[in-house]
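Structure record follows, encoded as structure tokens.
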Amino acid sequence: MIRNLSIGLLLAVAALAGVLIYNTVNYGAEPVGGRVTLPAPPAISAERGAKNLARAIQFRTVTLANGDPRPGQDGEWLAMHAWLQEAYPAAHAAMTREVVPGTLTLLYTWQGSDPSLKPLLLMAHQDVVPVNIGTEGDWDGEPFAGEIIDGYIYGRGAIDDKGSLIGLMEAAEALAVAGFKPQRTVLFMFGHDEEVSGSGAEAGVALLKSRGIEPEMALDEGFMVLNPSPLTGKPTGFIGIAEKGYVTLDIVANAAGGHSSTPPRNSATVSLSRAVIALDENQMPSDLSKPPASDMFKAAGEDMPFLQRMAFANLWLFKGMIDSQLAEIPAGNAMIRTTTAPTMLEGSAKQNVLAQRATATVNFRIHPNDTVDSVVEHVKDVTEDIEGIEIVTDKEGIAGTGASNVSPTDNRAYAVLASVAEATFPGAPVAPGLVLGATDARYAEAITGNVYRFAPFVLTPDELTGFHGTNERTSVENMGRLARGYAQVILAMDAPE
């Protein structure tokens, strides 16, 4: 009997090992989505693109708050519009240009010859974030001088997002000079206020919707090729197929207040602190089994170390371990769940007065697995046993929007982008991903189900620190990649399927 049990146990262990190894070997063996043969792009000059990006950076199109630029403060945008016309004469001759009514958002239409083909919508934005006061001297190149130093263009907007805007215009100019005439209408939309609200892109999409335009694909900023990827330690191209939403709640604790010399055990600030800690210790659940996370890990699987690959290939056994490890990495945690971030605290007006009303403002970045309602319900559940806690969900206490839809990876649009990403850095795998911040692309969902976030350039982790930070820069080489990549997107989407 004992011998039979031992044999049975060995067979069970062997079977388990066989399943683990089989799943591991086959995990990531096939790329996510299809691929296409890319048409050859027209002649592209990276140096020309770099010089034009340097000039675009010199226009101080800074937005600080909703409604920017204010009336009378739009000179930098208008000057940039005029310069674009001068810098790209062939593109402007080939396309019609309009300013979306009531905004400074530009909309270009390159009319195609086949009206049965749905158009292609390519997006970027004109505005940039400010430079933190007192940090100007920390830059190697002045933030708004557009200096080219040691093969890099420095300045606010080099990555976010004038690099993409200039890359698109360089592609259009090169195609127009080469005599390209599209079958599929190509639309360029350059929002004017993405960094504060995106009202320009929202109005532009509404204008297209009123005209009955339903693009085959909308493409905006969001991801690129990372070298190396934090997931594998090797170069990986990421294509954003969704982006997070957000909601901000006020968590309020009410109490009697009074003099601080005789404090109760459960003052408003103590109750509020318990609520904030409870939310931090009870994060919203993750789900590694659905896109974008599941497809992202699978696409990167071939480049993972064996044990890491085994864990992702066998989530039924290792999910808890993966979840706990990713939770310790801020970017990894944000990829797999709705995040919880207390950002503002308010109590009494004086140091010796107990607060009658203490408030914590908590920002949640919503994963596609969740909704605004599920976030509110989670907060109520976590804090329901804490005395005096109120979740403010009226008009003033809640603000935000849900996560985007998840765009498909089994269509031609994704196949074209994946092929361009592979050409941007040959040998790098391509993975769909979740964009953690908001982009103008979220508005395009009103007119198309195929919304993607990718720019064909290569960034290192060090270069990424310039995003909204000091020493924002991109390489001259990247300007060639951007123009070639965007041109290939246009050409490949114009080719017959």
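The analysis underlying the following values was restricted to heavy atoms, covering all of them including side chains, and did not include hydrogens, waters or symmetry mates.
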Begin from the C-alpha positions of H192 and D127 and carry the test side chain to side chain contact (heavy atoms under 4.5 Å, CB included) through to its verdict. CA-CA 6 Å; H192 75 278; D127 64 319; 5.9 Å; no
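- Judged by distance alone, the side chain of E221 and the main-chain N or O of S164 form no donor-acceptor pair under 3.5 Å.
- N363 and T343 are not linked by any side-chain donor-acceptor pair at a separation below 3.5 angstrom, with hydrogens and angles left out of the test.
- Side chain of N352 to backbone of S260: no donor-acceptor contact under 3.5 angstrom is found.
- Nearest heavy atoms, A327 versus R337: CB-NH1, 3.9 Å.
- The aromatic rings of F188 and Y108 lie perpendicular to each other, with more than 60° between the two planes, well past the 30° mark.
- A donor-acceptor pair is defined here as one N or O able to donate and one able to accept, closer than 3.5 Å; such a pair exists between the side chain of D68 and the backbone of L64.
- Scanning all heavy atoms of the two residues, the minimum distance from T448 to P215 falls at OG1-O, 3.0 Å.
- A donor-acceptor contact shorter than 3.5 Å is absent between the side chain of Q58 and the backbone of G146.
- In terms of heavy-atom proximity, S267 sits nearest to A255 at C-CB, 4.3 Å.
- In this structure, a donor-acceptor pair under 3.5 Å is present between the side chains of K162 and T61.
- P456 and V420 make their closest contact through CB-CG1, 3.9 Å (heavy atoms, listed as atom of the first residue, atom of the second, distance).
- Nearest heavy-atom pair, T439 versus R442, reported as atom, atom and distance to 0.1 Å: O-NH1, 2.6 Å.
- Under the 3.5 Å distance criterion, with hydrogens and angles disregarded, no donor-acceptor pair is assigned to the side chains of T338 and H367.
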Trace of the side chain to side chain contact (heavy atoms under 4.5 Å, CB included) decision for Y414 with S407: CA-CA 9 Å; Y414 183 86; S407 295; over 6 Å; no
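- Checked by atom type and distance alone, the side chain of N478 never pairs as donor or acceptor with a backbone atom of R481 at under 3.5 Å.
- Remark: E98 CD is packed, more than 12 non-hydrogen atoms of other residues, nucleotides or ligands lying under 6.0 Å away.
- Using modelled atom types, one finds no donor on one side chain facing an acceptor on the other under 3.5 Å when comparing D303 with T232.
- Under the rule for a side-chain contact (heavy atoms from CB on, under 4.5 Å), the partners of S197 that lie at least two apart in sequence or sit in another chain are N66, D193, S199.
- At distances below 3.5 Å, not a single donor-acceptor pair connects side-chain atoms of E390 with backbone N or O atoms of N254.
- Using modelled atom types and a 3.5 Å distance limit, the side chains of T135 and D138 yield no donor-acceptor pair.
- Taking all atoms of both residues into account, the shortest heavy-atom contact from V430 to A299 is O-CB, 3.2 Å.
- Remark: D462 engages R473 in a salt bridge, criterion side-chain N to carboxylate O under 4.0 Å.
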